[in-house]
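Residue numbers count from 1 along this sequence. Only this structure's heavy atoms are used, side chains among them; waters, hydrogens and symmetry mates stay out. Note that ligands are numbered from 1 as they come in the structure, with each ligand's atoms numbered from 1 the same way.
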Amino acid sequence: MNSKIWLSSPHLGPGEFNFVKEAFDTNWIAPLGPHVDGFESDLAKFTGSAHAAALSSGTAALHLALIMLGVEAGDEVICQSFTFSASANPIVYQGATPVFIDSEEQTWNMDPALLEQAIIDRIAKGKKPKAIIPVHLYGMPAQMGRIMEIANKYDIPVIEDAAEALGSTINGKAAGTFGLMGILSFNGNKIITTSGGGALISNDENYIRQAHFLATQARDAAPHYQHSSIGYNYRLSNVSAGIGRGQMQVLKERIEQRRAVYEFYKEQLSDIPAIEFLSESTGSFSNRWLTAVLVHPNLSNGVTRETLRASLQNDNIESRPLWKPMHLQPVFESYPAYINGVSEKLFNDGLCLPSGSNLTREDLKRVVDNIRSNF
Ligand SMILES: *Cc1c(COP(=O)(O)O)cnc(C)c1O
């Protein structure tokens, strides 16, 4: 059996261990400390956001953002349908209703035309959505220019789910910094990892201050434990933040490596007419977290996404269908959805290829040879 090739595995650099050792040596083994502060300032600097709060996960960051926007039971929140469930779960934690929006074909993210149609329809039905959650899937920036125009027109705050898009930009401006708040994830499979963790970024210091407060059990300023609001245990540990600081030193390199993976696949496979790659539009820069392709069965003599996935699996190579849209998930299918068929088609025909920054040329060649053998 050939060795396993993973879809996206953690890739640590030389610096992480030194930061973690420093946390041990100085006994800063707590959900606060110098590495947490340092990681937050690294994140703010890298994204160009004025402020950042390091948290226990991207999901926690999104949950706090919704809480701070006053999302409560009975409210509606607009969310991209084509995404990981973590984009929608926190809406339901608050007892609110997710309203799902389908994708456009250019970036695979939230379709601005459907977004506006949904807002008009929800307002006509008597409820103005409390927030909009677009997602920058696989690192490809959503059409934030148009999305922000619509959000501003109807005065609805935007929380960008940039969990997969650290390092992605539109005209040089970081994904996650267009809306009122943005969220990042440092889960094990993301472009950089803290083993598990996330962050909230915002130019408005008040949101970051309040996120810190809520994430540490909403403890009021008093010598005893005093609470006037419900709190959460959502902060990142100083040990994890140490890993994050090390990862920040190699982030630029990781982005270059992921982009090189995409370029390699594209160069090696673009002569196969059935395989389509997702391109960047003018001004947009993707971190290429995962290389995703569409397999068009009508151009392939019957080879499908599933043919390729099974063929890769036979050679111990992990690949994965694209995200199954939320409006097709059993747990979310009863919620309102504004659908054009794009995300369902992406789910049916799309495949994520191994994209880790630690893959070797030999690994990538093995993936390419396996795919080519099916055509
Ligand atoms: C990973 C991810 C999240 C959640 O991040 P966690 O840190 O795992 O909680 C949210 N949205 C998207 C699109 C993601 O890929």
Q: Any chance the side chains of S57 and N187 put a donor and an acceptor closer than 3.5 Å?
A: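 No - no donor-acceptor pair under 3.5 Å links their side chains.
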Q: Other hydrophobic cluster members with L308, side-chain heavy atoms of Ile/Leu/Val/Met/Phe/Trp/Tyr under 4.5 Å, chained?
A: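 When side chains under 4.5 Å apart are linked, the cluster holding L308 also contains I5, V261, Y262, F264, Y265, L269, I272, I275, F277, V293, V295, V303, L312, I317, L351, L353, L359, L364, V367, V368, I371, F375.
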Q: At less than 4.0 angstrom from any atom of ligand 1, which residues have a non-hydrogen atom? List them by chain and residue number.
A: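 Residues within 4.0 Å of ligand 1: S57, G58, T59, T83, F84, A86, S87, V135, D161, A163, E164, S185, N187, K190, G197.
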Q: Apart from L62 itself, what residues make up its hydrophobic cluster when side-chain heavy atoms of I, L, V, M, F, W and Y under 4.5 Å apart count as a link, directly or indirectly?
A: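 Direct or chained contacts put L62 with L55, L64, L66, I67, M68, L69, V71, V77, I91, I133, I159, L180, M181, I183, L200, Y207, I208, F213, L214, I230, Y232, Y234.
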Q: Between D75 and K130, is the closest basic N to carboxylate O distance under 4.0 Å?
A: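 Counted as a salt bridge, because a side-chain N and a carboxylate O are separated by less than 4.0 Å.
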Q: Check for a donor-acceptor pair, side chain of T169 on one end and backbone N or O of N171 on the other, with a separation under 3.5 Å.
A: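 No, the answer is negative, given that no donor and acceptor are paired below the 3.5 Å cut-off.
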Q: Each residue besides F19 in its hydrophobic cluster should be listed here, by chain and number; the cluster joins Ile, Leu, Val, Met, Phe, Trp and Tyr at side-chain heavy-atom distances under 4.5 Å.
A: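 Besides F19, the cluster holds no residue at all.
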